[in-house]
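Everything numeric in this text was worked out from a predicted model, so none of it was measured.
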Amino acid sequence: MTQKERYGAAKEMYAAIGVDTDAAIAALKEAPVALHCWQGDDVTGFDHDGPLTGGIQTTGDYPGKARTPEELMKDMAQALALMPGKKKLNLHASYAIFEEGGYVDRDKIEPKHFVKWVEFAKERNMGIDFNPTFFSHDKVKDGLTLSSPDEETRKFWIEHGKACIRISEYFAKETGVPCVMNIWTGDGYKDIPADRMGPRMRYKDSIEQILSEPYDKNLVKPCVESKVFGIGVESYTAGSAEFTLLFAATHEGCLPLMDNGHYHPTEVVSDKIPALLCYFPEIALHITRPVRWDSDHVVLFDDETKEMAKEIVRNDALGRVYMALDYFDASINRISAWTVGFRSWQKALLSALCTPNAQFKKLQEENRMTELMVLQEDIKTYPFGDIWEEYCRQCGVAADKRWFETVQRYEEEVLAKRK
């Protein structure tokens with residue numbers, strides 16, 4: 001059978017259970033997913049020469065890491081060309097680009113330091129999301145930034161956050177797409193603290209000061225992201241799940257951002273998504289794959305990834321959830337890591353769109369749980385691969401591993417020559 005014939009047969013099978021695969025493909029084409037720049041250079045950035053700090057770590061030394069803005073953009077462009085669907089660019093503030101002699105510290109960064117990134121995004125019709133960088137800097141004092149008891153330290157980081165608000169609005173105005181600006185810090189303590197509330201009150205005040213910077217709420221979507229623990233801050237983090245969720249709930253216009261690696265191992269974000277959608281008009285996600293802890297592995301088409309996508313789709317929330325990838329694996333080809341992760345999340349969304357959600361919901365409400373289980377298991381062997389292949393064809397990219405041949409050539413011709 002030809003690809004067209006296989007898709008036609010699969011389309012009929014799905015239609016028999018009430019799923020319009022053409023509509024599923026069309027919906028996915030309009031759902032943007034933000035691709036994170038920091039996979040390409042192991043979260044190094046361009047504004048410092050020191051190590052990665054803040055409770056996070058990148059492991060591996062696969063050859064070909066991007067070392068300059070030009071190399072990172074070239075690598076990202078290659079990865080983007082292998083991905084179906086609609087994209088956004090996700091930047092950290094540490095990726096500011098300074099002309100010779102034009103360096104400024106993070107509290108003084110301006111839109112002009114991101115002009116080249118705006119040009120990169122506009123050439124590809126992408127919006128831009130943004131993250132202040134509260135790590136890997138000599139003004140992180142005793143492991144603390146926005147929660148520091150040292151007022152000079154805290155003031156520096158507050159000013160950094162305000163600068164990022166201004167840059168986020170610049171991104172939105174230039175691209176015509178709202179900018180999600182995510183506030184996350186690794187502030188915490190290695191051992192049991194004597195004061196848990198004090199750092200959180202300072203953190204709360206710091207975020208409030210950052211958000212006091214004037215901005216257009218239609219253009220900038222500020223978020224707060226939680227963390228359960230990190231390397232060197234195993235016992236306490238100021239920005240816990242409860243803290244960030246309650247901050248977002250009590251500050252109009254501030255969104256909760258959930259990273260599915262930032263919770264205890266028995267917690268799943270797929271269950272949290274519908275809970276938050278009951279209360280928040282919009283929420284944000286950083287999509288990763290934790291292995292025992294927040295280890296930022298490449299996203300796969302695995303069970304929890306599929307469950308997260310299901311909850312977004314079955315609750316008609318594709319327009320309410322800002323989706324972004326967040327992982328960094330230095331042990332494998334970085335362009336492949338980008339591509340696998342993005343395509344895996346796209347597969348999860350398409351699979352969710354090809355699920356008879358209304359029928360399943362009806363069975364649950366009628367307490368026909370036996371039948372629901374049977375049908376949920378039955379659909380797992382439907383010819384989803386043929387739907388994915390048609391989606392990729394319409395997006396102009398390879399549906400199967402043929403895309404990896406392009407990555408291999410790029411590694412031989414470009415990455416392997418980097419010393």
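Ser336 and Asn333 share no side-chain donor-acceptor pair at under 3.5 Å. In this structure, a donor-acceptor pair under 3.5 Å is present between the side chains of Glu304 and Ser270. At a cut-off of 3.5 Å, with distance as the only test, no side-chain donor of Ser148 or Arg154 sits close to an acceptor on the other residue. Checked by atom type, the side-chain pair Asp75/Tyr410 shows a donor-acceptor distance below 3.5 Å. No side-chain donor from either of His264 and Thr266 sits under 3.5 Å from a side-chain acceptor of the other. In the model, Asp42 has no side-chain atom that pairs as donor or acceptor with a side-chain atom of Thr58 under 3.5 Å.
Contact of the Gln39 side chain with the Trp338 side chain is registered, since non-hydrogen atoms from C-beta on lie closer than 4.5 Å. Put simply, the side chain of Tyr236 does not reach to within 4.5 Å of the side chain of Phe229, judged on heavy atoms. In this structure, the side chains of Phe171 and Val220 stay at 4.5 Å or more apart for every pair of heavy atoms. A heavy-atom distance below 4.5 Å is not found between the side chains of Leu219 and Val177. For the pair Val140/Asp138, no side-chain contact is recorded, criterion being any heavy-atom separation below 4.5 Å from C-beta on. Residues Val269 and Leu285 are in side-chain contact: their nearest non-hydrogen atoms beyond the backbone lie under 4.5 Å apart. Inter-residue side-chain proximity for Leu350 and Lys347 is flagged as unmet; no heavy-atom pair is nearer than 4.5 Å. Two residues are said to be in side-chain contact when any heavy atoms from C-beta on lie closer than 4.5 Å; Leu144 and Pro149 meet this criterion.
With sequence neighbours left out, the side chain to side chain donor-acceptor pair (under 3.5 Å) criterion links Glu110 to no other residue. Scanning for salt bridge (Lys or Arg N to Asp or Glu O under 4.0 Å) contacts around Arg292 gives an empty result, with sequence neighbours left out. Listed by chain and number, the residues in a ring-ring contact (aromatic ring centres under 6.0 Å, His included) with Tyr170 amount to none (sequence neighbours excluded). In this view, Thr406 and Arg409 satisfy the side chain to side chain donor-acceptor pair (under 3.5 Å) rule, not counting sequence neighbours. With sequence neighbours excluded, the residues that form a side chain to side chain donor-acceptor pair (under 3.5 Å) with Arg393 are Glu390. By the side chain to side chain donor-acceptor pair (under 3.5 Å) test, Glu169 pairs with no residue at all, sequence neighbours left out. His48 pairs by the ring-ring contact (aromatic ring centres under 6.0 Å, His included) definition with nothing, not counting sequence neighbours. Asp195 is linked by a salt bridge (Lys or Arg N to Asp or Glu O under 4.0 Å) to nothing, counting only residues two or more places apart in sequence or in another chain. With sequence neighbours excluded, no residue satisfies ring-ring contact (aromatic ring centres under 6.0 Å, His included) with Tyr263. Judged as a ring-ring contact (aromatic ring centres under 6.0 Å, His included), and not counting sequence neighbours, Tyr7 has no contacts.
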Inset, instruction - Verify side chain to side chain donor-acceptor pair (under 3.5 Å) between Thr288 and Asp326, making sure each step is shown before the conclusion. - result: CA-CA 5 Å; Thr288 185; Asp326 183 5; over 6 Å; no
Inset, instruction - Could you give me the CA-CA distance, side-chain angles and deciding distance for Phe98 and Phe46, then say whether ring-ring contact (aromatic ring centres under 6.0 Å, His included) is met? - result: CA-CA 8 Å; Phe98 304 106; Phe46 307 127; 9.3 Å; no
Inset, instruction - Test salt bridge (Lys or Arg N to Asp or Glu O under 4.0 Å) on Asp216 and Lys173 and set out the steps. - result: CA-CA 10 Å; Asp216 187 332; Lys173 287 179 177 178; over 6 Å; no
Legend entry - Derivation and outcome, side chain to side chain donor-acceptor pair (under 3.5 Å), residues Asp329 and Ser331: CA-CA 6 Å; Asp329 190 338; Ser331 70; 2.6 Å; yes
Inset, instruction - Assess whether side-chain contact (heavy atoms from CB on, under 4.5 Å) is satisfied between Phe404 and Leu82, documenting all intermediate values. - result: CA-CA 9 Å; Phe404 187 59; Leu82 302 172; over 6 Å; no
Inset, instruction - Verify salt bridge (Lys or Arg N to Asp or Glu O under 4.0 Å) between Lys272 and Glu267, making sure each step is shown before the conclusion. - result: CA-CA 9 Å; Lys272 300 177 188 296; Glu267 294 183 273; 2.8 Å; yes
Legend entry - Chi angles and distances behind the salt bridge (Lys or Arg N to Asp or Glu O under 4.0 Å) call for Arg67, Asp41: CA-CA 7 Å; Arg67 303 158 300 180; Asp41 76 333; over 6 Å; no
Inset, instruction - Kindly determine whether Glu377 and Lys380 satisfy salt bridge (Lys or Arg N to Asp or Glu O under 4.0 Å), including the steps that lead there. - result: CA-CA 6 Å; Glu377 289 302 298; Lys380 289 180 180 179; 2.8 Å; yes
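Aromatic pair Phe328/His36: centroids not less than 6.0 angstrom apart. Aromatic pair His92/Phe135: centroids less than 6.0 angstrom apart. Within the 6.0 Å centre-distance limit, the rings of Phe114 and Phe130 are counted as a close aromatic pair.
Checked options Lys88, Glu282, His286; the residue passing with Tyr322 is Glu282 (criterion: side chain to side chain donor-acceptor pair (under 3.5 Å)). Ile183 pairs in a side-chain contact (heavy atoms from CB on, under 4.5 Å) with only one of the listed residues (Asn131, Ile210, Leu257), which is Ile210.
Residue pairs satisfying the ring-ring contact (aromatic ring centres under 6.0 Å, His included) criterion with at least one member in residues 190-216, sequence neighbours excluded, are listed as follows: Tyr203-Phe243.
When all heavy atoms of Phe342 and Pro84 are compared, the closest pair comes out as CE2-O, 3.1 Å. Considering all non-hydrogen atoms of both residues, Ile332 and Ala337 come closest at CD1-CB, 4.0 Å. Across all non-hydrogen atoms, the minimal contact from Lys204 to Phe247 is O-CE1, 3.8 Å.
Here the straight-line distance linking atom CZ of Phe360 with atom CZ of Arg368 works out to 12.0 Å at 0.5 Å rounding. Atom OG1 of residue Thr53 and atom CD1 of residue Ile231 lie 11.5 Å apart, to the nearest 0.5 angstrom. The CE atom of Met181 lies 8.5 Å from the SG atom of Cys223; values are rounded to the nearest 0.5 Å.
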Quiz: residues 159-167 side-chain donor-acceptor pairs under 3.5 angstrom, not counting sequence neighbours:
unit_1: Glu159; atom_1: OE2; unit_2: Lys155; atom_2: NZ; d: 2.9
unit_1: His160; atom_1: ND1; unit_2: Arg106; atom_2: O; d: 2.9
unit_1: His160; atom_1: NE2; unit_2: Thr133; atom_2: N; d: 2.9
unit_1: Arg166; atom_1: NH1; unit_2: Glu213; atom_2: OE2; d: 3.2

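Taking 4.0 Å as the cut-off between side-chain N and carboxylate O, Glu119 and Arg124 do not count as a salt-bridged pair.
A cation-pi arrangement, defined by a distance under 6.0 Å to the six-membered ring centre and an angle within 45 degrees of its axis, is absent between Lys139 and Trp157.
Between Phe120 and Trp117, the two ring planes are perpendicular [angle over 60°; tilted spans 30° to 60°]. Using cut-offs of 30° and 60° on the angle between ring planes, the pair His137 and Phe156 is tilted.
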